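Residue numbers run from 1 in the order of the sequence given. All of these numbers come straight from a predicted model, not from anything done at the bench.
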Amino acid sequence: FAAANTMDPTATTAPVGSSDAVIVLKLTGLSSEITKQILENYISTKADDDVEVKSVTLLGGGNALASVSGFIDVNSFLQRRHKISGKLIEITVCKEPPQHEQEDNDAKPVKDSIIPDTIEVTGEDVSNTAVLEMYFQGLKSGGGRDKEVEWIKCVAEGVVHIKFSSTEDADAVMAQKVHTVMKKKINVRFVPAPAPTDYEKDKLIVKSIPEGIEKYVFVMFVEGRLGLDVDDDFSVDFRKTC
């Protein structure tokens, strides 16, 4: 669905011409992989040139808040069709976010809420993945030792994900408070774990299949170990994910 004028009970319409005022935008319908940097980049790109994104708060459940200033006519921005990472979202203006939705920025990440061997890197210019890989493999990225990067990829503009071969390597990086690459400070955090999904009870999910394993090899493995026949006893939905 597209952004609309209809607001929820916590939303209001911002006046035209109040460019100095700080406005809190509420974004709903977000994908689970959306980060603060992605939202900040989106608003900065789609809004007026003078608009400044002061902060972004992820609330969970596909919702986020963004404090912005510099809007001349925020209503025209709200009425546009907003789409992030291929998904339509809704943007409204909040009077004041409910207290229970406030994000605790000082809280330590819960183990089940993160991917413990994968970090997210954001910054002004993190597009050079070769330089990033060299940095995070080396001593200066934390722990006083070399680390092994399994893969590195750019997931959005200004956002890079890096998977280490061990959680110890990722912990060593996260233990270091400040990271600087090419004389520029970069932001590092654990990648949030995807939201839990309810699956049917007659299905099994098999993870960490070695890269390069084809579907027919996996089918032969299941048949051999469990004594089942793919034609009569089971089927395989073989998905390659990052």
Side-chain angles (χ1 to χ4, degrees), residues 1-107 109 113-114 120-127 153-161 185-187 189-197 242:
F1 55 90
N5 283 326
T6 303
M7 305 297 180
D8 60 31
T10 63
T12 186
T13 302
V16 176
S18 55
S19 60
D20 293 333
V22 175
I23 299 172
V24 179
L25 300 178
K26 183 173 183 178
L27 301 89
T28 58
L30 301 171
S31 301
S32 59
E33 70 271 14
I34 294 298
T35 64
K36 293 181 181 180
Q37 188 66 48
I38 292 175
L39 294 180
E40 183 176 343
N41 291 345
Y42 177 83
I43 296 172
S44 299
T45 302
K46 298 298 182 180
D48 303 331
D49 292 340
D50 294 332
V51 169
E52 178 186 357
V53 180
K54 295 184 175 296
S55 67
V56 174
T57 302
L58 299 177
L59 303 176
N63 301 313
L65 299 177
S67 297
V68 299
S69 64
F71 268 112
I72 299 299
D73 185 2
V74 68
N75 295 323
S76 64
F77 173 75
L78 299 178
Q79 292 167 2
R80 297 177 191 171
R81 187 171 181 265
H82 296 285
K83 194 173 185 180
I84 302 180
S85 297
K87 185 177 181 181
L88 286 173
I89 67 166
E90 183 177 14
I91 303 180
T92 55
V93 175
C94 271
K95 290 180 179 179
E96 185 176 349
Q99 291 299 315
H100 69 275
E101 291 186 340
Q102 295 281 1
E103 180 185 57
D104 186 358
N105 293 319
D106 295 327
S113 69
I114 62 171
E120 179 179 276
V121 181
T122 58
E124 292 184 14
D125 184 11
V126 294
S127 58
K153 64 180 179 180
C154 182
V155 297
E157 184 177 352
V159 184
V160 172
H161 285 181
K185 184 179 178 181
I186 57 175
N187 304 310
R189 69 164 185 165
F190 281 112
V191 171
T197 305
C242 299

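- Using a 4.5 Å cut-off on side-chain heavy atoms (C-beta onward), Leu88 and Arg81 make contact.
- The residue from His161, Lys36, Gln37 that alone fulfils the side chain to side chain donor-acceptor pair (under 3.5 Å) condition with Glu120 is His161.
- Side chains of Arg189 and Thr35 form a contact here, defined as non-hydrogen atoms less than 4.5 Å apart.
- The shortest distance between side-chain heavy atoms of Thr92 and Leu78 does not fall below 4.5 Å.
- A heavy-atom distance below 4.5 Å is found between the side chains of Ile43 and Val68.
- In this model, no donor atom of one side chain and acceptor atom of the other lie less than 3.5 Å apart for Gln79 and Asn75.
- With contacts defined as side-chain heavy-atom distances shorter than 4.5 Å, the pair Ile38/Val159 qualifies.
- For the pair Tyr42 and His82, the tightest heavy-atom approach, listed with the atom from each and the gap, is OH-ND1, 2.8 Å.
- From Leu27, atom CG reaches atom CD1 of Ile91 across 4.5 Å, with rounding to the nearest 0.5 Å.
- A distance of 6.5 Å separates CG of Leu58 from CG of Leu39, quoted to the nearest 0.5 Å.
- Annotation: the span from Thr122 atom OG1 to Glu40 atom CD amounts to 9.0 Å, rounded to 0.5 Å.
- The two residues Gly29 and Lys87 make their nearest non-hydrogen contact at O-CE, 3.0 Å.
- The OG atom of Ser67 sits 8.0 Å away from atom CG of Leu25, with the distance rounded to the nearest 0.5 Å.
- Atom CD1 of Ile84 sits about 5.5 Å away from atom CD1 of Ile34, to the nearest 0.5 Å.
- In this structure, the side chains of Lys153 and Val160 stay at 4.5 Å or more apart for every pair of heavy atoms.
- Distance CD/Glu90 to OG1/Thr28: 4.5 Å, rounded to 0.5 Å.
- Listed here is the closest heavy atom pair of Lys54 and Ser69: CE-OG, 3.3 Å.
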Show, in sequence, the C-alpha distance, side-chain angles and deciding distance for Lys26 and Val93, and conclude whether the side-chain contact (heavy atoms from CB on, under 4.5 Å) test is met.
CA-CA 6 Å; Lys26 183 173 183 178; Val93 175; over 6 Å; no

